[in-house]
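First comes the structure, then the notes that go with it.
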Amino acid sequence: MSNSTVIGRFAPTPSGFMHVGNLLCAMVAYLSAKSKGGRFVIRIEDLDAMRCPKTRAIDILELLGAIGITSDEGILYQSERTAAYKAAEDLLRARAEIYPCFCSRAELHAPDITRLPDGGILYPRTCKRLSVQDRLERAKRINPSLRISVPNETVTFTDGVCGEQSQNLESACGDFILRRSDGVYAYQLAVVVDDGESGVTEVVRGADLLYDTARQIYLQRLLGLPTPNYYHIPLVCDKTGRKLSKSEGDSALRLFQTYSPQQIIGELAFAAGIMDEPRPTDLKSLIPLFDIGKIKKEKIVF
Ligand code: GLU
């Protein structure tokens, strides 16, 4: 099937080393778009410039290049997109309630705060209830973050790997942050604005972000942006069942010091279920074989 309107993407955060799970995500996202005759874009999610040195972004792009993944467009760097996020914030202000939040870390992590399954918190709307006067008083001492008030609405979508998903915004997400207190825009806003900007039609990413999707769909709707198709693929674990991390010990770079890119592609494609046996191959040869339905639904062991 050829559909030139398909646009896939890979959007790494260069806050640490790229691990095998990130590499697999990039591979699957690339294969998924290319197998439909689509285009592929790479975006560097370096919103937090302090934690994301430029050199690490270059390492990631080199590693992707080594397995044959390049961007069909220029690379988007989120650190250069603040004006676009500000414009989206202004639009959202006209369409939803956005309010400053002065709560400290300690207040947000107090024992009585409800925890969400993704490790976040269900914000109890403390600052939504502040009077204008209170807000002005607090703003003299504290730089607030910005939160968006979510309605009591359920967002439903079908994930191409995980199936039907449904989340009530009020009880499963809560009023979430659009801009941090240090002025850095939040991932949830940036990802929506940038996927919209690049015309992304499908998002392939790790299952750790499945829980974030309802919030992102809510923002897409408010901003009048289309919702892409979502595919959340299982996280990669080592043989002991431990999820890989962005630490140096799990860096995919180490693999490249021992194995050829073709060996790495073959082993990963086999581990994920894309190939029936682990034989060296290149990414182009996998394009005609690719079927997202073959991706393992359980955790992937590498
Ligand atoms: N930047 C995120 C990460 O590296 C991925 C975001 C996304 O794919 O939506 O985990």
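Whatever order the structure lists them in is the order used to number ligands and atoms, beginning at 1.
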Residue pairs passing the ring-ring contact (aromatic ring centres under 6.0 Å, His included) test where at least one lies in residues 40-72, sequence neighbours excluded: Tyr30-Phe40
On a heavy-atom basis, which atom in Ile42 and which in Ser71 lie closest, and how many Å separate them? N-OG, 3.0 Å
Looking just at side-chain N and O atoms, do Gln216 and Tyr187 make a donor-acceptor pair shorter than 3.5 Å? yes
Report all protein residues having a heavy-atom distance below 4.0 Å to some atom of ligand 1; order the list by chain, then number. Arg9, Ala11, Pro12, Thr13, Glu45, Tyr187, Val191, Arg205, Leu209, Lys246
Taking the six-membered ring of Tyr77 (Phe, Tyr or Trp), confirm whether the NZ or CZ of Lys54 is under 6.0 Å from its centre and within 45° of its axis. yes
Sequence neighbours excluded, every pair satisfying side-chain hydrogen bond (donor to acceptor under 3.5 Å, both in side chains) that has a member inside residues 264-277: Glu277-Arg279
Can you name the side-chain contact (heavy atoms from CB on, under 4.5 Å) partners of Thr114, sequence neighbours left out? Leu122
